[in-house]
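Heads up, the thing below is written out as structure tokens.
Just so it is clear, the values below take in all heavy atoms, side chains as well, and ignore hydrogens, waters and symmetry mates.
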Amino acid sequence: MERFVVRPSGPLSGQVEVFGAKNSVLKLMAATLLATGHHELENVPAITDVTIVRELLEAMGVASSYEGGGTSGRLRLDVPAGVVPVAPYELVEKIRASVVVMGPLLARYGSARMSLPGGDDFGGRPIDMHLRAFEEMGAVFTTEHGYVEGRCDRLVGGRIVFEFPSHTATDNVMMAAVLAKGTTVIENAAREPEVIDLAAMLTGMGARIEGAGTSRIEIEGVEELSPARHRAIADRVEAATFLGAVGLAGGEVELLHARAEHMEMLLEKLAAIGVHCVDTGRGILARASRPLRSVDVSTLPYPGVATDYKPVLVALLSVAEGVAIVSENIFAGRFRYVEELKRMGADIVTKGHHAVVRGVRRLSGAPVRSTDIRAGAALVLAGLVADGVTEVSGAAHIDRGYEDLAGRLRAIGADVRRESE
Ligand code: EPU
């Protein structure tokens, strides 16, 4: 096991490249199951979640190779005509997003067997919306020994109304619908940029999709798709992490490839806090002013402020002037890292899905534990404004979603390194 060791830093300066979006790439990888042949994905970061989904696809019979890293990361996937349509416990347990293989497997092979995902670091991760939608499209499920198994003849399109705009359920149903018989309409669909990215790749493979990025997606099923060649969009959560670093440590940094239009609400919140961002056409130029100011935050589905930004925002607010109320509306249990921030001197009270953050002048370095990808990154950032040394253990959590976070923060002037625990 490794940990991040962080010392007070700043001001930051220079440029940093934002890599491909994890929450897009994982779905793009699953989507390759929809067509036999050789697929090529670009802008695939070297992160553990990509490795785990590769292992998942390899267990099904898909051959893969990866070269480069960062924006040059290229993943080649060779999908055979027949795959083993099973997602085993050992892999699903590591990555709940594995559920996205279900749509492609049902659509293409009429069969999908998957370990039930269970809960994770921020609460239950049910898949009921996915299963209900597939049932409406003609799949029949049985659950036994911790596995859910779906079977169908060709899926049939229909009108799917989501009770909540679930990001991954939208991806999953979209992937199922592209090969279904007839037309599928998804109402109350998720509008995340990653949904648009997946739709773009599927369209490139021959799918007929309209409305991705809006609450109503219409998909006309086709008989067959061809292999994909697609470049993933930049990761807005990674961008948010670097913006948080600038806010905490101060300075001026350009985030190359970051897409301001994918993070409008966040940029508004950051401006109110004191992190000013300009769209440079090739990325975002961020400059922090002092003192940081408190602002209330409520997480919501896109285009609202994403739950994934929240740990970084809470880290900023913990040293901002004033009091902020932060409400979590997506994952009720996503406040665990707050206890770690409090160990660093943050003044935060949580009650249910709300937190009251009273800004303090400075944090104090301490050994803390990363509880999930974003929480871990936020603790590293908090270390930039903490007296003494902050040791963030559980680097593996951070590696799930960030390629070389320490090296890239160092390149813009932060004192962050890794060492063995
Ligand atoms: N939900 C259900 N039933 C379902 C599906 C979802 O009740 O069948 C609930 C969830 O429990 C949650 C809410 O709906 O309360 C939203 O979940 P959603 O399905 O939108 O989340 P997700 O698709 O599982 C993705 C990202 C998360 C990100 C959320 C919210 C991927 C692989 N993951 O999860 O990313 O937090 O959307 O934007 O795309 C991360 O990157 O660290 C991460 C956790």
Side-chain angles (χ1 to χ4, degrees), residues 4 6 10 120-123 236-250 263 265-275 277 286 288 290-300 304-366 368-386 390 392 394 397-398 401-402 405 409 414:
F4 284 74
V6 192
D120 71 4
D121 290 316
F122 34 86
R236 61 199 163 96
V237 191
E238 185 172 279
T241 307
F242 288 113
L243 294 176
V246 176
L248 285 161
M263 29 202 320
M265 286 306 300
L266 174 74
L267 297 189
E268 271 184 36
K269 286 287 170 196
L270 287 174
I273 291 172
V275 186
C277 297
R290 285 287 181 274
L292 298 179
R293 289 174 305 274
S294 286
V295 58
D296 293 345
V297 176
S298 241
T299 63
L300 282 173
V305 176
T307 171
D308 292 337
Y309 301 147
K310 195 190 57 186
V312 167
L313 287 168
V314 170
L316 283 165
L317 295 170
S318 69
V319 289
E321 269 186 4
V323 181
I325 297 175
V326 179
S327 304
E328 170 59 52
N329 298 310
I330 312 294
F331 294 110
R334 205 168 188 176
F335 271 125
R336 273 186 57 193
Y337 60 95
V338 161
E339 295 309 314
E340 302 298 304
L341 276 176
K342 281 161 76 171
R343 300 189 59 254
M344 297 176 69
D347 182 351
I348 306 174
V349 177
T350 54
K351 181 109 180 137
H353 64 113
H354 303 289
V356 178
V357 188
R358 289 187 177 79
V360 297
R361 281 180 65 82
R362 204 147 172 92
L363 298 174
S364 147
V368 287
R369 176 158 292 280
S370 150
T371 50
D372 71 74
I373 308 175
R374 312 302 172 190
L379 291 169
V380 169
L381 299 191
L384 300 175
V385 281
T390 300
V392 184
H397 280 293
I398 297 173
Y402 296 89
L405 183 63
L409 283 171

Practice prompt. Would you indicate whether the side-chain heavy atoms of Leu409 and Phe242 approach each other to under 4.5 Å?
Written response: yes
Worksheet item: Take atom CZ in Arg361; do more than 12 heavy atoms of anything else shown fall under 6.0 Å from it?
Response: no
Practice prompt. Compute both the distance and the angle, then confirm whether Lys310 meets the cation-pi test with Phe335: under 6.0 Å from the six-membered ring centre, within 45 degrees of the axis.
Written response: yes
Discussion item. To check you understand the geometry: which heavy-atom pair defines the closest contact between Ala286 and Val275, and what is its length?
Written reply: CB-CG1, 4.4 Å
Worksheet item: Which heavy-atom pair separates Leu316 from Gly244 by the least distance, and what is that distance?
Response: CD2-O, 3.8 Å
Item to complete: Give a yes or no on whether the backbone of Arg369 and the side-chain of Glu340 come within a donor-acceptor separation of less than 3.5 Å.
Response: yes
Item to complete: Take Val319 and Arg362 through the side chain to side chain contact (heavy atoms under 4.5 Å, CB included) test and state the conclusion after the steps.
Response: CA-CA 6 Å; Val319 289; Arg362 204 147 172 92; 5.9 Å; no
Worksheet entry | Leu381/Thr241 under side chain to side chain contact (heavy atoms under 4.5 Å, CB included): CA gap, chis, key distance, verdict | CA-CA 8 Å; Leu381 299 191; Thr241 307; 4.2 Å; yes
Discussion item. With a 4.5 Å cut-off on side-chain heavy atoms, are Val349 and Val357 touching?
Written reply: no
Item to complete: Would you check if the side chain of Thr299 reaches a backbone N or O of Ala306 as a donor-acceptor pair within less than 3.5 Å?
Response: no
Worksheet item: Do Met344 and Val368 have side chains that get closer than 4.5 Å, going by heavy atoms?
Response: yes
Worksheet item: Which heavy atom in Gly247 sits nearest to a heavy atom in Leu292, and how many Å separate them?
Response: O-CD1, 3.6 Å
Discussion item. I want to check something: taking the side chain as every heavy atom from C-beta on, are Leu317 and Val297 in contact at a cut-off of under 4.5 Å?
Written reply: yes
Fill in: Spacing of CD belonging to Glu268 relative to SG belonging to Cys277, to within rounding of 0.5 Å
11.5 Å
Practice prompt. Could you walk me through whether Tyr337 and Lys342 pass side chain to side chain contact (heavy atoms under 4.5 Å, CB included), step by step?
Written response: CA-CA 9 Å; Tyr337 60 95; Lys342 281 161 76 171; over 6 Å; no
Fill in: Exercise: identify the closest heavy-atom pair between Val323 and Asp296
O-OD1, 4.2 Å
Practice prompt. Answer whether the closest heavy-atom distance between the side chains of Asn329 and His353 falls below 4.5 Å.
Written response: yes
Practice prompt. Check whether any side-chain heavy atom of Val356 lies under 4.5 Å from a side-chain heavy atom of Asp347, and answer yes or no.
Written response: no
Worksheet item: Quick one: CG on Leu243 to CG on Leu248, what's the gap to the nearest 0.5 Å?
Response: 11.0 Å
Fill in: Min side-chain heavy-atom separation Thr371-His397 under 4.5 Å
no
Worksheet item: So Phe4 and Leu379, side chain to side chain contact (heavy atoms under 4.5 Å, CB included) or not? Walk me through it.
Response: CA-CA 10 Å; Phe4 284 74; Leu379 291 169; over 6 Å; no
Discussion item. Looking at every non-hydrogen atom in both residues, tell me the closest pair between Ala272 and Val295 and how far apart they are.
Written reply: CB-CG2, 4.2 Å
Worksheet item: Do Ser318 and Val360 come close enough that some side-chain heavy atom pair is under 4.5 Å?
Response: no
Item to complete: To the nearest 0.5 Å, tell me how far Glu321 CD sits from Arg290 CZ.
Response: 11.0 Å
Item to complete: Give a yes or no on whether a salt bridge exists between Arg334 and Asp308, defined as a side-chain N under 4.0 angstrom from a carboxylate O.
Response: yes
Worksheet item: To the nearest 0.5 Å, how far apart are CG in Leu405 and CD1 in Ile373?
Response: 12.0 Å
Worksheet item: Is there a donor in the side chain of Thr307 and an acceptor in the side chain of Glu328, or the other way round, less than 3.5 Å apart?
Response: yes
Item to complete: Looking only at non-hydrogen atoms, find the nearest pair between Thr390 and Gly365 and report the distance.
Response: OG1-CA, 3.3 Å
